[in-house]
Amino acid sequence: DYSTILFNVSNKIARITLNRPEKRNALSFELRRELVDALRVAEADDSVSIVLLDAEGPSFCAGYDITPNAERGEPPAGWVTSEHFDSWTDQFARSCLRDWLTIWDLLKPVVAKVHGYCLAGGTEILSMADIAFVADNASIGYPPMRGMTTPDTMYFPWKMTMARAKYLQLTGNSVSGKEAAELGWVAK
């Protein structure tokens, strides 16, 4: 019973669909929890051989949901709520790393099928997948680098040459799906 993703298993494929199209599939705490749960359910299901991640609506994922905390829902398990910690720790980044390493560590192959915008946290999901297929006209990047932060999972140097990784990481620029394939960031 999920409210922000669709999950089904058919023909040995567990399909997990991000389903917040009205928010361009921005990653709320709830969506992240449901995605991680569905990944673990798929991993434990002997009838599943592969996991497919895709999304409803015009975008794969516009990044993290940055609406005020009260509107984003409850933080993930393990979050320490304290007025003393909130001003100096980065629990958010740690929780993102923990969630996305679930994709990286999954015992079954994870394939991402990306279209439209794939930004910030969306690129982290895309980059943790074993194989990524991206629409030629998709827009992929991590724009928050220009004024906020680097990715929580340092995927750039794993996925492309160091020169290209530095260019994208230092500029926050986005590339098309076609360019991402040429860079070696995605399979096709």
Side-chain angles (χ1 to χ4, degrees), residues 2-39 41-42 48-67 72 96 99-104 106 108-146 151-156 158-160 164-165 167-169 171-188:
Y2 298 116
S3 62
T4 62
I5 65 168
L6 304 174
F7 178 79
N8 68 58
V9 175
S10 177
N11 299 320
K12 299 187 175 191
I13 300 170
R15 183 175 182 182
I16 303 170
T17 303
L18 307 181
N19 192 29
R20 290 184 77 207
E22 72 286 354
K23 293 281 192 173
R24 300 274 195 257
N25 297 308
L27 299 166
S28 64
F29 290 134
E30 181 180 23
L31 190 150
R32 287 174 47 199
R33 268 195 306 276
E34 290 184 358
L35 175 56
V36 169
D37 182 73
L39 287 163
V41 167
V48 171
S49 295
I50 193 166
V51 177
L52 172 64
L53 297 177
D54 65 2
E56 284 291 319
S59 294
F60 177 75
C61 179
Y64 291 105
D65 187 340
I66 57 172
T67 56
R72 273 192 279 171
C96 293
D99 287 352
W100 306 147
L101 285 177
T102 302
I103 299 168
W104 185 265
L106 211 71
K108 295 177 180 176
V110 177
V111 175
K113 181 180 143 193
V114 175
H115 68 283
Y117 288 104
C118 181
L119 303 172
T123 64
E124 293 176 337
I125 293 172
L126 158 84
S127 298
M128 293 295 108
D130 296 296
I131 301 171
F133 297 109
V134 181
D136 283 347
N137 63 351
S139 183
I140 306 167
Y142 209 97
M145 302 245 253
R146 295 179 179 145
D152 303 304
T153 55
M154 301 308 290
Y155 55 80
F156 284 116
W158 297 343
K159 296 292 183 171
M160 60 193 79
R164 291 172 176 162
Y167 170 74
L168 288 174
Q169 184 148 349
T171 64
N173 288 348
S174 295
V175 296
S176 69
K178 185 177 187 305
E179 291 168 316
E182 291 166 358
L183 292 172
W185 190 353
V186 301
K188 197 172 188 178

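What's counted below: heavy atoms across the whole structure, side chains too, no hydrogens, waters or symmetry copies.
- Contact of the R24 side chain with the P58 side chain is registered, since non-hydrogen atoms from C-beta on lie closer than 4.5 Å.
- A side-chain donor-acceptor contact under 3.5 Å links N25 to the backbone of S59.
- Scanning all heavy atoms of the two residues, the minimum distance from V48 to A42 falls at CB-O, 3.6 Å.
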Requested in this report: Before giving the answer on side-chain contact (heavy atoms from CB on, under 4.5 Å), spell out for F60 and V134 the whole-Å C-alpha distance, their side-chain angles and the decisive distance to 0.1 Å.
Outcome: CA-CA 10 Å; F60 177 75; V134 181; over 6 Å; no

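- Judged by distance alone, the side chain of D130 and the main-chain N or O of V110 form a donor-acceptor pair under 3.5 Å.
- T4 and E34 form a side-chain donor-acceptor contact under 3.5 Å, judged by distance and modelled atom types alone.
- Between the CZ atom of R32 and the CD1 atom of I5 there is a distance of 14.0 Å, given to the nearest 0.5 Å.
- Looking only at distances, a side-chain donor or acceptor of R146 sits under 3.5 Å from a matching main-chain atom of T171.
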Report task. Determine, stepwise, if the pair E182 / V175 fulfils side-chain contact (heavy atoms from CB on, under 4.5 Å). Result -> CA-CA 10 Å; E182 291 166 358; V175 296; over 6 Å; no

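- The closest donor-acceptor contact from the side chain of H115 to the backbone of G57 lies under 3.5 Å.
- Between the side chain of K23 and the main chain of D65, no donor-acceptor pair closer than 3.5 Å is present.
- L27 places none of its side-chain heavy atoms less than 4.5 Å from the side chain of D99.
- Here E22 contributes atom CD and E56 contributes atom CD; the two are 11.0 Å apart, rounded to the nearest 0.5 Å.
- No more than 12 heavy atoms of other residues, nucleotides or ligands shown are found within 6.0 angstrom of CG on N11.
- The shortest distance between side-chain heavy atoms of P109 and I131 does not fall below 4.5 Å.
- Atom NZ of K113 is surrounded by 12 or fewer heavy atoms from other residues, nucleotides or ligands within 6.0 Å.
- Side chain of R20 to backbone of A26: a donor-acceptor contact under 3.5 angstrom is found.
- Of the inter-residue distances, the one linking S176 atom OG with N137 atom CG reads 8.5 Å to the nearest 0.5 angstrom.
- Taking a 6.0 Å sphere around OH of Y64, one finds it holds more than 12 heavy atoms contributed by other residues, nucleotides or ligands.
- The side-chain heavy atoms of Y142 and L168, taken from C-beta on, include no pair separated by under 4.5 Å.
- The distance from atom CD1 of I13 to atom CG of N8, rounded to the nearest 0.5 Å, is 9.5 Å.
- Interatomic distance, SG of C96 versus CG of L101, reported as 11.0 Å (0.5 Å rounding).
- When atom types are taken as modelled, the side chain of S127 and the backbone of E124 share no donor-acceptor pair closer than 3.5 angstrom.
- Side-chain atoms of N19 and Y2 include no donor-acceptor pair closer than 3.5 Å.
- We find the CG-CG distance between L53 and L126 to be 10.0 Å, quoted to the nearest 0.5 Å.
- In terms of heavy-atom proximity, S139 sits nearest to L119 at O-CD2, 3.8 Å.
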Query raised in the report: After noting the C-alpha distance and the side-chain angles of L35 and I125, does the key distance pass the side-chain contact (heavy atoms from CB on, under 4.5 Å) rule?
Result: CA-CA 10 Å; L35 175 56; I125 293 172; 4.0 Å; yes

